[in-house]
Amino acid sequence: MAISLFDLFKVGIGPSSSHTVGPMVAANQFVHQLEDRQLLSSVTRLKIDLYGSLGATGKGHGTGTAVLMGLEGEMPDLIDPSRVDERVSQIEMSSQLKLLAKRSIFIDVAVDLIYHRIDRLDFHANGMVLVAFGIDGEVIHQATFYSVGGGFIVQEDEYGNVALVEDATELPHVFHSAEDLIRLCHEQDKNIAQIMMENEKYWRTEEEIKQGILSIWSVMKSCVQQGIRSEGILPGGLKVKRRAASLYRDLTCKTRMDMITPSLGAMDWVNLYALAVNEENAGGGRVVTAPTNGAAGIIPAVLHYYWEFCPRSSEDGVIDFFLTAAAIGLLFKENASISGAEVGCQGEVGSACAMAAAGLAAATGGTPEQIENAAEIGMEHNLGLTCDPIGGLVQVPCIERNAMASMKAINSASMALRGDGTHYVSLDKVIRTMRDTGRDMNDEYKETSRGGLAVNVIEC
């Protein structure tokens, strides 16, 4: 299936692309189906069942809130995050939900929105079933959706099969592996960013692509600035304190000379960028899936490093960064997964680390072989990374994990650029290994909060 860069980098709200962005889109799609079938005026009640990871950690990840907002017609890229909590409180207190902001129906959130903490549906760990009832209590419409990572959703058809739509798009440069991609670069005498640009031009003009990328970069920068300005305790009950604002004050009080050796200068700033984004994500703020919300801080942090600390940084370099990172992200999505509920955090933080490493290598002049090597290093050293967030919240260890992976991405690019691109383990083999490791990983360690750190911290 042909996927655009702008499918991987989507503007949305925290704290999770799988648990917030995807379910909001699914709920919005469901209520539009009701309207298209001229059933909206007949709806008297809704029932929402959340399964698998959505049921196990949906409360901490804001899934119920996302579904309610989607049913009222909101979309992740347009909703005002500052009004979400107030509106949800109004729905809960009044027991009134306004479908598509048009038709009010009764809803008892505690009864009609059900989190199935153990049960899961067969196709994917992130499953949800929405049912609409008519005046006499009969089912007038039912739909099953799966949030498969990065805000992507798929829907079952009437026979219970996942309705994957075959994409007949014929892109100029087709690749299904890193090996294919490098071969294309040599055959076409183009770099990875140029290959991706030619493909993206199927949907948009080159100018629209560049402006779209710079718009995404602007949202990322705004997210960092908002994170730097925000203080206090993150919601959810763990009482995790925001650190980005105090870290920023500390860093801006020092001169660059003070920071060169004692505080490792750039590392402190990269940590700041990543923490700022992921604290915003944890607080339900506006972020960019990159390629997921749980890993949303890595690419912005590495991009800020490129912009602030690389001497020849430019907007052209930023564009090359995004195009190259997207090419690597497509390989992970097609050949493995970017869903923490499916393959663990290696699919989120690991893929983002590889994408960021590749993007940085490209923006600083790396060859296709060096870029592939950078991505391989970034992913190889995230293999087996579990997803066991404490309390089902995208806070611990998720926020710090983004900072650690950002530094790992920078180091991966540096190591690759010091070589000639030849290396023992290929990116394709690492992606397959990640897929197989995720398949073998116990479900307790895949965004269910039923094992690992999530359990041991509570037990202690």
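Side chains included, hydrogens not; waters and symmetry mates left out as well; all remaining heavy atoms used.
- Note that CG of Leu214 is 8.0 Å distant from NZ of Lys221, once rounded to the nearest 0.5 Å.
- Between the side chain of Ser339 and the main chain of Gly149, no donor-acceptor pair closer than 3.5 Å is present.
- Below 30°, between 30° and 60°, or above 60°: for Tyr273 and Trp269 the angle between ring planes is between 30° and 60°, a tilted geometry.
- Rounded to the nearest 0.5 angstrom, Lys446 NZ and Asn126 CG are separated by 11.0 Å.
- For Asp189, the CG atom counts as loosely surrounded, since its 6.0 Å shell holds 12 or fewer non-hydrogen atoms of other residues, nucleotides or ligands.
- A pairwise comparison of heavy atoms in Gly14 and Asn281 identifies CA-OD1, 3.1 Å as the closest pair.
- Across every non-hydrogen atom of Ala374 and Ala361, the tightest pair is CB-CB, 4.0 Å.
- Counted by atom type alone, Gln188 and Gln194 present zero donor-acceptor pairs between their side chains at under 3.5 Å.
- The existence of a salt bridge linking Glu206 and Lys210 is confirmed by a sub-4.0 Å separation between a basic side-chain nitrogen and an acidic carboxylate oxygen.
- Using modelled atom types, one side-chain atom of Asn28 and one backbone atom of Gly73 make a donor-acceptor pair closer than 3.5 Å.
- No donor-acceptor pair closer than 3.5 Å links the side chain of Glu376 to the backbone N or O of Val430.
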Walk me through whether Met196 and His173 qualify under side chain to side chain contact (heavy atoms under 4.5 Å, CB included).
CA-CA 8 Å; Met196 279 296 292; His173 305 299; over 6 Å; no

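- Few gaps surround CE on Met441; more than 12 heavy atoms of other groups in view lie less than 6.0 Å from it.
- Of the possible donor and acceptor atoms, one in the side chain of Ser313 sits under 3.5 Å from a partner among the backbone N and O of Trp307.
- Between the side chain of Ser351 and the main chain of Ile338, no donor-acceptor pair closer than 3.5 Å is present.
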How far apart are the C-alpha atoms of Glu280 and Arg242, what are their side-chain angles, what is the distance that settles it, and do they pass the salt bridge (Lys or Arg N to Asp or Glu O under 4.0 Å) test?
CA-CA 9 Å; Glu280 276 301 291; Arg242 286 179 179 256; 3.1 Å; yes

Report the C-alpha distance between His186 and Ile182 in whole Å, list the side-chain angles of each, state the deciding distance to 0.1 Å, and finish with yes or no for side chain to side chain contact (heavy atoms under 4.5 Å, CB included).
CA-CA 7 Å; His186 290 298; Ile182 292 174; 3.7 Å; yes

Worked verdict on Ile399 versus Leu275 for side chain to side chain contact (heavy atoms under 4.5 Å, CB included):
CA-CA 6 Å; Ile399 295 172; Leu275 292 175; 3.5 Å; yes

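- Residue Val287 comes nearest to Cys223 through the heavy atom pair CG1-SG, 3.7 Å, listed as atom of the first residue, atom of the second, then distance.
- Residues Gly451 and Asp388 come closest through the heavy atom pair O-CB, 3.2 Å.
- Considering Val224, Thr252, Leu247 in turn, Leu247 is the only one that fulfils the side chain to side chain contact (heavy atoms under 4.5 Å, CB included) rule with Leu272.
- No side-chain donor-acceptor contact under 3.5 Å links Ser215 to the backbone of Gln211.
- In this structure, the side chain of Thr63 engages the main chain of His19 through a donor-acceptor pair within 3.5 Å.
- A heavy-atom distance below 4.5 Å is found between the side chains of Lys59 and Tyr115.
- Counting only heavy atoms from C-beta outward, the side chains of Val394 and His61 approach each other to under 4.5 Å.
- With rounding to the nearest 0.5 angstrom, the OH atom of Tyr445 is 11.0 Å from the CG atom of Leu453.
- Annotation for Glu400: atom CD does not count as buried by contact number, only 12 or fewer foreign heavy atoms lying within 6.0 Å.
- Under 3.5 Å, the side chains of Asp316 and Ser314 contain no donor-acceptor pair of N or O atoms.
- Side-chain atoms of His32 and Leu100, non-hydrogen and from C-beta on, do get closer than 4.5 Å to each other.
- Between the side chain of Ser412 and the backbone N or O of Ala375, no donor-acceptor pair lies under 3.5 Å.
- With rounding to the nearest 0.5 Å, the separation of OG in Ser406 from CG in Asn278 is 8.0 Å.
- Around CE of Met415, the count of heavy atoms belonging to other residues, nucleotides or ligands within 6.0 Å does not exceed 12.
- A 4.5 Å side-chain heavy-atom check between Trp203 and Glu208 finds every atom pair outside the cut-off.
- A side chain to side chain contact (heavy atoms under 4.5 Å, CB included) with Met197 is found for one member of Leu5, Asn191, Ile209, Asp320 and no other, namely Ile209.
- In Asp122, the CG atom is not crowded: 12 or fewer heavy atoms of neighbouring residues, nucleotides or ligands sit closer than 6.0 Å.
- In Lys429, the NZ atom is not crowded: 12 or fewer heavy atoms of neighbouring residues, nucleotides or ligands sit closer than 6.0 Å.
- Pairing each heavy atom of Leu417 with each of Gln370, the nearest pair is O-NE2, 3.5 Å.
- Between the OH atom in Tyr424 and the CD atom in Glu380 there is a gap of 11.5 Å [rounded to 0.5 Å].
- The residues Glu348 and Arg401 are annotated as not salt-bridged, no charged nitrogen and carboxylate oxygen being separated by less than 4.0 angstrom.
- Side chains of Glu156 and Tyr146: a donor on one and an acceptor on the other come within 3.5 Å.
- Listed for the Glu279 side chain is no donor-acceptor partner under 3.5 Å among the backbone atoms of Gly227.
- Side-chain contact between Glu372 and His423: present, with at least one pair of heavy atoms (C-beta onward) separated by less than 4.5 Å.
- Here SG of Cys185 is found 7.5 Å from CD1 of Ile371. Values are rounded to the nearest 0.5 Å.
- Under the 30°/60° scheme for interplanar angles, the aromatic rings of Phe145 and Phe30 are found to stand perpendicular.
- Using a 3.5 Å distance cut-off with no hydrogens or angles, the side chains of Asp428 and Ser426 do not pair a donor with an acceptor.
- Sparse packing is recorded around CD of Glu315, with 12 or fewer heavy atoms of other residues, nucleotides or ligands lying under 6.0 Å away.
- Taking every heavy atom of both residues into account, Leu54 and Ser18 meet most closely at CD2-O, 3.7 Å.
- Residues Ile213 and Phe321 fail the side-chain proximity criterion, which asks for heavy atoms closer than 4.5 Å.
- A cation-pi arrangement is present between Lys10 and Phe152 under the rule of less than 6.0 angstrom and at most 45 degrees off the ring axis.
- Between the side chain of Asn335 and the backbone N or O of His176, at least one donor-acceptor pair lies under 3.5 Å.
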Could you walk me through whether Arg204 and Ser4 pass side chain to side chain contact (heavy atoms under 4.5 Å, CB included), step by step?
CA-CA 10 Å; Arg204 301 169 181 85; Ser4 166; 3.4 Å; yes

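- Side-chain contact between Leu71 and Ile48: present, with at least one pair of heavy atoms (C-beta onward) separated by less than 4.5 Å.
- Summarising the local packing, OH of Tyr248 is surrounded by 12 or fewer heavy atoms from other residues, nucleotides or ligands at distances under 6.0 Å.
- In this structure, the side chains of Phe123 and Thr144 stay at 4.5 Å or more apart for every pair of heavy atoms.
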